Amino acid sequence: MRLAIFLATTALCLPAMAQDTTPPNVNTAATGTKGSVAQMALAYDLYALGLARKDALTVLTAAKLAAGVEVKPVEQKKTTTGTGIADQQDAAPAPEVPAPEAPAPEAPAPDAATMMATARMLAGEDELLAGLIDDAELETPRDRLSGATATHSRLAAGQTDTWEVPFYADGTAEIAVLGDGDANLDMLVTDENGNTICYDVSWSDTIYCDFIPARNGYFTVTVQNNGQRPNSYSLMTN
């Protein structure tokens with residue numbers, strides 16, 4: 001899993017953030033525990049790897065990880081800026097992932113059931129793999145992780161989404177950007193004073209960041225589409 005660079009001091013592509021002399025809102029002495037958001041980010045990474053390698057077992061592993069997380073759709077405060085590149089077309093339409101309690105907007109990546117179906121397709125006539133998939137579909141996930149929330153967005157190439165997300169002091173804060181694979185996404189997380197907390201400009205649209213706030217506060221999450229196509233992504237937090 002690609003991890004966002006922690007407490008980076010520069011931002012090469014993302015908009016520059018003004019900073020003051022207030023220390024970053026991070027408790028660097030505390031030790032946190034990765035949770036539901038980290039597990040979903042790992043599932044997305046494994047799913048992409050399994051598709052690239054046409055490996056049914058890797059996709060099945062991703063499906064089992066995704067099935068072990070309960071994700072709740074929520075609304076988050078967001079603004080979108082920038083002029084999108086004209087005549088953009090998605091490489092492929094993003095599948096819809098229905099929420100159990102309320103209709104969900106377009107989601108960028110498949111849910112556990114769709115991952116299972118993909119694993120079955122990749123398994124072909126391999127009876128051993130088919131049996132493993134049958135068993136996995138019949139399993140009821142134990143100790144299913146809760147606390148993950150997701151907000152979906154579609155970001156045109158050349159545009160930037162800015163989110164305001166609250167986190168509480170002394171608890172592990174998790175943020176993930178999980179895209180549809182159509183374009184590179186970059187992410188910058190800053191505190192209420194503009195201090196950089198996490199920063200990632202890797203050639204990926206799956207990004208994960210975790211930290212422990214020193215005090216209650218709102219954090220700004222900036223997501224920028226530096227590709228040539230739109231990207232439908234989920235902003236996932238705990």
Side-chain angles (χ1 to χ4, degrees), residues 1-14 17 19 22-49 61-62 64-74 76-78 108-109 143-153 161-179 184-224 231 233-238:
M1 184 193 309
R2 300 174 179 83
L3 299 182
I5 299 172
F6 182 67
L7 290 179
T9 57
T10 60
L12 300 180
C13 299
L14 292 168
M17 297 291 179
Q19 295 190 356
T22 305
N25 188 1
V26 175
N27 185 347
T28 57
T31 302
T33 302
K34 297 182 188 300
S36 54
V37 177
Q39 183 162 315
M40 284 301 296
L42 177 58
Y44 275 52
D45 266 339
L46 285 176
Y47 183 70
L49 179 63
T61 302
K64 294 176 72 173
L65 286 172
V69 178
E70 181 182 354
V71 181
K72 179 181 179 181
V74 298
Q76 300 272 23
K77 181 181 178 182
K78 179 192 74 168
D143 301 323
R144 199 175 186 208
L145 295 178
S146 61
T149 66
T151 308
H152 307 311
S153 179
D161 280 345
T162 303
W163 307 80
E164 296 293 330
V165 183
F167 287 111
Y168 294 103
D170 300 325
T172 302
E174 293 188 292
I175 302 170
V177 170
L178 307 176
N184 171 46
L185 297 178
D186 295 330
M187 182 180 77
L188 174 68
V189 180
T190 58
D191 66 13
E192 69 275 18
N193 295 307
N195 295 300
T196 300
I197 305 299
C198 297
Y199 169 60
D200 187 288
V201 291
S202 62
W203 291 98
S204 173
D205 65 348
T206 300
I207 307 167
Y208 173 80
C209 159
D210 68 305
F211 59 96
I212 300 177
R215 56 190 178 274
N216 297 346
Y218 278 85
F219 293 80
T220 300
V221 181
T222 304
V223 181
Q224 190 174 75
N231 192 310
Y233 72 92
S234 287
L235 177 73
M236 189 168 290
T237 63
N238 64 334

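In what follows, residues are counted from 1 in the order of the sequence shown. Being a predicted model, the structure only gives us computed values, none of them experimental.
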Identify the two heavy atoms, one from Ala62 and one from Ala43, that lie closest to each other, and give their separation to 0.1 Å.
CB-O, 3.3 Å
Find out whether Thr162 and Thr220 are in side-chain contact, i.e. whether some heavy atom of one side chain is under 4.5 Å from a heavy atom of the other.
yes
Whether Asn193 side chain and Asn195 backbone form a donor-acceptor pair below 3.5 Å
no
Under 3.5 Å donor-acceptor, Ser204 side chain and Thr206 backbone:
yes
Do Pro213 and Phe219 have side chains that approach each other closer than 4.5 Å (heavy atoms only, starting at C-beta)?
yes
Heavy-atom closest contact (Pro24 atom, Arg215 atom, distance):
O-NH1, 4.3 Å
Taking Gly68's backbone N and O only, do any of them form a donor-acceptor pair with Arg144's side chain (distance below 3.5 Å, no angle check)?
no
Where Cys209 and Met187 come nearest, the two heavy atoms and their spacing
CB-CE, 3.7 Å
Is there a donor-acceptor contact under 3.5 Å from the side chain of Gln224 to the main chain of Asp186?
no
Quick check: do Tyr233 and Ser153 have side-chain heavy atoms less than 4.5 Å from each other?
yes
Are any of the side-chain heavy atoms of Gln39 and Glu174 separated by less than 4.5 Å?
no
Check: Asn238 side chain, Thr172 main-chain N or O, donor-acceptor pair, under 3.5 Å:
yes
State, with a plain yes or no, whether a side-chain heavy atom of Asn216 is found less than 4.5 Å away from one of Pro166.
no
For the side chain of Gln76 and the backbone of Trp163, is there at least one donor-acceptor N/O pair under 3.5 Å apart?
no
Search all heavy atoms of Val71 against all heavy atoms of Ala150 and return the closest pair with its distance.
CG1-CB, 3.6 Å
Less than 3.5 Å apart, any donor N or O on the side chain of Asp45 or Tyr208 sitting next to an acceptor on the other?
no
Locate the shortest heavy-atom distance separating Gly179 from Asn231; write the atom from each residue and the value.
CA-OD1, 3.4 Å
If I compare all heavy atoms of Asp200 with all of Ser202, which pair ends up nearest, and what's the gap?
OD1-OG, 2.7 Å
Can you tell if the side chain of Ile175 reaches within under 4.5 Å of the side chain of Val221, non-hydrogen atoms only?
yes
Are side-chain heavy atoms of Tyr47 and Leu65 found at a separation under 4.5 Å?
no
Out of curiosity, Cys198 SG to Asp210 CG, how far, rounded to the nearest 0.5 Å?
7.0 Å
